[in-house]
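Numbering starts at 1 and runs along the sequence shown. Everything numeric here is computed off the predicted structure, so don't read it as measured data.
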Amino acid sequence: MIRQTVMYPAGDVDGAPATFDHDYYRDVHVPMCTEAFNCTAEIDKGLDGPNIAAVHFFFESMDALHASFASPKLGDIMADIANYTNTTPVMQTSEIV
C-alpha cells in the first residue's frame with residue numbers, strides 16, 4: 001500500500017499568516033481528488049505543529065499512484081489550490097509497512 005501525503009505548512013506566506021479553508025478542502029477539493037485519482041483519503045486538520053492541514057491519499061501500488069498523475073483532471077485540481085489556501089503544499093510518498 002502506498003500513501004501520498006500532501007502537507008500544508010503553517011506560518012507566514014509573504015509576510016502574511018497562512019490561510020486555509022478546511023470546509024472547502026473537505027467538501028470540494030479532496031472529493032475532486034479522490035474521484036480523479038481513484039483512491040481513498042484521510043484529512044488532518046492541524047491543531048499544533050508545523051502543518052495547518054494534510055491529506056493522505058491511499059493507493060494499491062506505485063503504478064496506481066503514477067497513473068493518478070496522468071488524470072486529465074490534474075490541471076483543474078492544481079488550479080483549485082488557490083481556492084482554499086495561500087500556502088505551498090509539500091508532498092511525501094511512503095510505503096505503508
* Asked: In Å, rounded to the nearest 0.5 Å, how long is the span from NE2 of His29 to CG of Asp27?
  -> 13.0 Å
* Structure fact -> Taking every heavy atom of Cys39 against every heavy atom of Phe57, the minimum-distance pair comes out as SG-CD2, 3.7 Å
* **Verdict with supporting geometry, Ile2 and Phe58, side-chain contact (heavy atoms from CB on, under 4.5 Å)** => CA-CA 6 Å; Ile2 301 299; Phe58 298 93; over 6 Å; no
* To do: For the pair Thr93 and Met62, evaluate side-chain contact (heavy atoms from CB on, under 4.5 Å) and give the outcome as yes or no after the intermediate values.
  => CA-CA 9 Å; Thr93 305; Met62 284 298 292; 4.1 Å; yes
* Asked: Hey, are the side chains of His56 and Asp44 touching, using non-hydrogen atoms and a 4.5 Å cut-off?
  -> yes
* To do: Kindly give the heavy-atom pair with the smallest separation between Arg26 and Ile43, and that separation in Å.
  => CA-CD1, 3.8 Å
* Structure fact -> Minimal heavy-atom distance between Val90 and Pro9, with the atoms involved, is CG2-CG, 4.0 Å
* Side chain to side chain, Phe37 and Ile77, heavy atoms closer than 4.5 Å -> yes
* Asked: Do Ile96 and Val55 belong together in a cluster built from hydrophobic side chains that touch within less than 4.5 Å?
  -> no
* side-chain contact (heavy atoms from CB on, under 4.5 Å) assessment of Tyr24 paired with Asp80 -> CA-CA 10 Å; Tyr24 182 92; Asp80 191 52; 2.5 Å; yes
* To do: List the atom of Pro17, the atom of Asn86, and the distance in Å for their closest heavy-atom pair.
  => O-ND2, 3.4 Å
* Without swapping roles, check the side chain of Thr85 against the backbone of Thr87 for a donor-acceptor pair under 3.5 Å. => yes
* Ser68 (side chain) donor-acceptor with Leu65 (main chain) under 3.5 angstrom -> yes
* Asked: Within the side chain of Asp21, is there an N or O that forms a donor-acceptor pair under 3.5 Å with the backbone of Asp23?
  -> yes
* Flag side-chain contact, heavy atom, 4.5 Å: Gln92 against Val6 -> no
* Contact summary for Ala41 and Val30, nearest pair of heavy atoms -> CB-CG1, 3.9 Å
* Interatomic distance, Phe59 atom CZ to His66 atom NE2 [nearest 0.5 angstrom] -> 10.0 Å
* Flag if over 12 foreign heavy atoms under 6.0 Å of CG, Asn38 -> no
* To do: State the CD1-OH distance between Ile81 and Tyr25, to the nearest 0.5 angstrom.
  => 8.5 Å
* To do: Heavy atoms only: give me the nearest Ala18-Ile52 pair and the separation to one decimal.
  => O-CD1, 4.1 Å
* **Heavy-atom side-chain proximity of Met32 to Lys73 below 4.5 angstrom** => no
* **Partners meeting ring-ring contact (aromatic ring centres under 6.0 Å, His included) with His22 (sequence neighbours left out)** => Phe20
* Test side-chain contact (heavy atoms from CB on, under 4.5 Å) applied to Met1 and Glu95, step by step -> CA-CA 6 Å; Met1 178 74 66; Glu95 180 180 10; over 6 Å; no
